[in-house]
Amino acid sequence: MSDSPLADHPIFDVPDANELYYEVEHDAIRRTLMVTRGSDIILAVGKTLRITSLVDAKGAGSSKASYKTLYAPHVDFNITHISLSPDGKFLAVAGVHQLATVILPRPAYARLPTADVECRSLKIGEYYHTTHGTARIAQTYWHPWGRAGCSLLVMTTDGILREYDVSSQVEEPLQTLYFLPQKVRRRGYQADQGAEQVVSFTFGKGVADWGPLTVYALAKSGDIYAMAPFLPTYADVPSQYLTYLEAFVRAKRDVASRTKGPEGSSSASTAAVYDQQFKYVSALVKQASASGYTAGKGNLAHIQRPESGILAATPARQGPFLLQPEPAEFEDSTSTDACDVFYLSYGFDAPRQDPTDEDSSATVPKQDNLGAILASQADGRIQVFLDLSKIEALWEGEGGLSEEGPALPILSVFETIDLGIFRAASDAGALDLLSDNYIALSTDPSRPQTVFAYHSLGVHTLDLLPWMEVLSSAMCKSTSIGKKAGMNLMDALKQAPNTQVNWVLDTLSDEEKASSPVVAVVPVNNPSIAYHLLAVTSAYEPIPLDLLPTTELARSINHIPATRHPETQPRLSSLPSPYSAAPANKTYDVPSMGEFGRGTTPRNPANRFMSPQTLRVLGDHVKTADGKREALERYIKDANSRMELQEKELERQVDALRKAKARLGTLQAAGQELLEGRLKEVAKSQQELSERMDVLLRKCMAKSNANISEVERQWFAELAELKARITASGRGDTLQERANAVVDRHNLLRKDLAELRAAEPQAKPAVTLGTVQLKSIQSRLSTEDKLLLAAKDRVDNLSALLETVRLSN
């Protein structure tokens, strides 16, 4: 068990958590109360939604760890499960009967100062999903090919699958499919009550077949139904899949047309079905071409389901599937209700088979060769079916089915997995815990062949990769694995290993005869948090479980060649090779000498004379003695050879020890010099790196300088012109020179005035100016003095400003 900081995060602090769990209708229903969106964790608690970041979870338990509450006004019911859209923008929130969609906030929500984040929400199909008079919601699913991730599929327990587009229409479904027969959906007594309810559904997988367009539904009785083809009303289909599907259907139609029998025969019906399939695919390609469709990997074809035509035809319900051979059952098991269904596929890169291909070693992209369907049951059984004969596309009405209907499809039962929870509950005397048990199945996106099964008694991990690898290689004979194995499918089925099952979390208490059901399991693979599986119980107790890397990843890591820096290669290559002892390469087993022990001769007094029988016994003894003698001579020879080898090895070891001592002495003597030399090399390298860094920094600074605009150039030109007009240039016409000339003249006038005052005789006071006149002249002179000083200050300021501009330029 992992010690994760998420275990102490306040997002899991829920008072009276068990009361919230049992407020919901206490029955076997799907519970998925936690999902992840990138680095965010979204948790459903009662009627509220909480969100936090895994980056913030690194400081869990401190004051920094916190969460936000998503305020969605239309989520006014107890939440049973939530599901995230492929693009992470929408969150489907489902209760027992009600359904809503929440538009999630952007990652910047963590910077909001408030604890509540207001989100826009919408009620989905309020007429069909209400508390009174409607069927329970079995499962919600976002179709991965829905345009902009807005196609929401809702399965109710009455077997009706509805598609809603959350971006345009949420009140009425765009498509409706019926998975249960018409007579089952009528009111009245039914022999098998489990057949009246659908508990889960899933989509198939494939590359060049109808797998991605097939919907599988699981009834409570364990029956499996299917419908194909199904596409969202507004779909973005991979163009490569359309190309492969068109070639696949065309090839089957051509073969069927060549072997077509008379009207009414089975071959004629098959040819009619293939013609209908070809019309459907041709209509898809035609509409994709009209929307700018271009073939190629990674491109998408925009498809819109029309109101009429082959694309608007209703697919026919196929099933229930025949299971061959019959699955195993538990004795005394009363909880046999089916719970969840899940589809897995496996494939690998196969070599090209085109002899004209120049690159003969190239490989085709990974193909989904093998499909498997997993169906869980409440008593701990998980049935594993092989989808060897995939579903064909069929439609209702004309050109679809005959009056007898199609033959029931078949699933091959590969194995029945026993999780051990029925035996554990029986030993603990707590079989009543299985009455409302629901085993939900999910997978790890980074390890698609690993399935997580969580239920009322804990969590199991199922590793299907070992046997899927064997069967897939047997199905693909063109691969090197198939050639090396030399096995057909029947031999591979016999030799394939079983699924590896691990009970990684056990919540059953033998003493209390109670358990804490697991309500969510999500793999957490974030750089700030260790890679582990996070399980949450009904008491909102987070339990992180370590996940080890896959065997395939470990193999790839082991086969990565070691690489070193080029400068260190000569130094490392000069080191002596490691010593390898010669006797260690050969094993020597000491022979047992018990067979060479001294024998005993039986004494028989009645047989004292030689007889033919005595001679025969004597001959047998001689022959046995000769064999023992030869064996003893061979043992002696092997012992002598071993002794000679050990003597030579002793000489080699003594010689190696002598060389090691000599090298040790050399290193001790010259160790200081070698260390000083290496330190000098390091210092030199450091200096060179510093110089290179300085050059690079100067280049970066030179490149980072912005170019001067035309307006700035004109402004600098005007400043230069002003500087030329103000600063002294020797011509005598600048402002500074003129101001200096005025100051000089003023000083001269003041000097002449002082001389005139001194030269005037003191005896002629009548000629001198009066007091009023002197004050008037002095006031005028002081005013002129102030004006001159102000002009000089302005000139000095302009000169300083021009000098500053010149330096900054």
Side-chain angles (χ1 to χ4, degrees), residues 63-64 106 108 110-114 679-809:
S63 59
K64 296 183 179 179
R106 295 182 179 179
R111 295 195 293 268
L112 295 177
T114 59
L679 289 176
K680 290 181 180 178
E681 292 179 2
V682 171
K684 184 178 179 181
S685 301
Q686 180 67 24
Q687 185 178 359
E688 293 177 356
L689 290 175
S690 299
E691 294 176 356
R692 291 175 59 187
M693 185 180 66
D694 293 340
V695 173
L696 182 61
L697 182 61
R698 286 195 296 270
K699 290 182 179 179
C700 291
M701 293 179 64
K703 290 183 178 180
S704 64
N705 291 333
N707 295 328
I708 300 175
S709 63
E710 186 64 27
V711 177
E712 291 174 338
R713 288 195 182 92
Q714 294 177 1
W715 184 56
F716 288 138
E718 292 178 0
L719 290 178
E721 185 178 354
L722 288 174
K723 181 181 179 181
R725 291 180 182 179
I726 295 173
T727 307
S729 60
R731 298 192 304 270
D733 57 349
T734 62
L735 292 177
Q736 186 175 4
E737 291 175 339
R738 291 168 61 185
N740 293 334
V742 171
V743 171
D744 292 340
R745 291 177 184 178
H746 177 264
N747 293 331
L748 290 175
L749 290 175
R750 290 179 67 89
K751 184 178 180 181
D752 293 340
L753 181 59
E755 292 178 354
L756 288 175
R757 287 179 178 177
E760 289 182 354
Q762 299 292 333
K764 297 179 179 179
V767 181
T768 60
L769 297 176
T771 305
V772 177
Q773 293 175 341
L774 288 175
K775 287 182 178 180
S776 177
I777 293 173
Q778 289 177 357
S779 64
R780 291 181 180 181
L781 289 175
S782 62
T783 302
E784 293 292 335
D785 192 11
K786 291 179 181 179
L787 291 175
L788 289 174
L789 291 176
K792 184 178 180 182
D793 292 339
R794 292 176 183 175
V795 171
D796 293 338
N797 292 336
L798 286 175
S799 299
L801 179 62
L802 288 174
E803 188 66 23
T804 305
V805 172
R806 186 182 64 81
L807 291 176
S808 63
N809 192 18

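These figures come from a predicted structure and were not determined experimentally.
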Side chains of residues 780-792: which donor-acceptor pairs under 3.5 Å do they make with residues two or more places apart or in other chains?
residue	atom	partner	partner atom	Å
Ser782	OG	Gln778	O	3.1
Ser782	OG	Ser779	O	2.7
Thr783	OG1	Ser779	O	2.8

Residues forming a side-chain contact (heavy atoms from CB on, under 4.5 Å) with Glu691, sequence neighbours excluded: Gln687
Would you give the length of the straight line joining atom CG of Leu798 to atom NZ of Lys723, rounded to the nearest 0.5 angstrom? 12.5 Å
Arg725 and Glu721: CA distance, side-chain angles, deciding distance, salt bridge (charged side-chain N to carboxylate O under 4.0 Å, His left out) verdict: CA-CA 6 Å; Arg725 291 180 182 179; Glu721 185 178 354; 2.8 Å; yes
Output for pair (Leu753 CG, His746 NE2), nearest 0.5 Å, gives 9.5 Å
Is there a side-chain contact between Arg698 and Val695 (heavy atoms, below 4.5 Å)? yes
Heavy-atom pair with the smallest gap, counting every atom of Leu735 and Val795: O-CG2, 4.4 Å
When rounded to the nearest 0.5 Å, the distance separating CZ of Arg106 from CZ of Arg111 is 11.5 Å
Find the distance between CG (Asp744) and CG (Leu749) and round it off to the nearest 0.5 Å. 11.0 Å
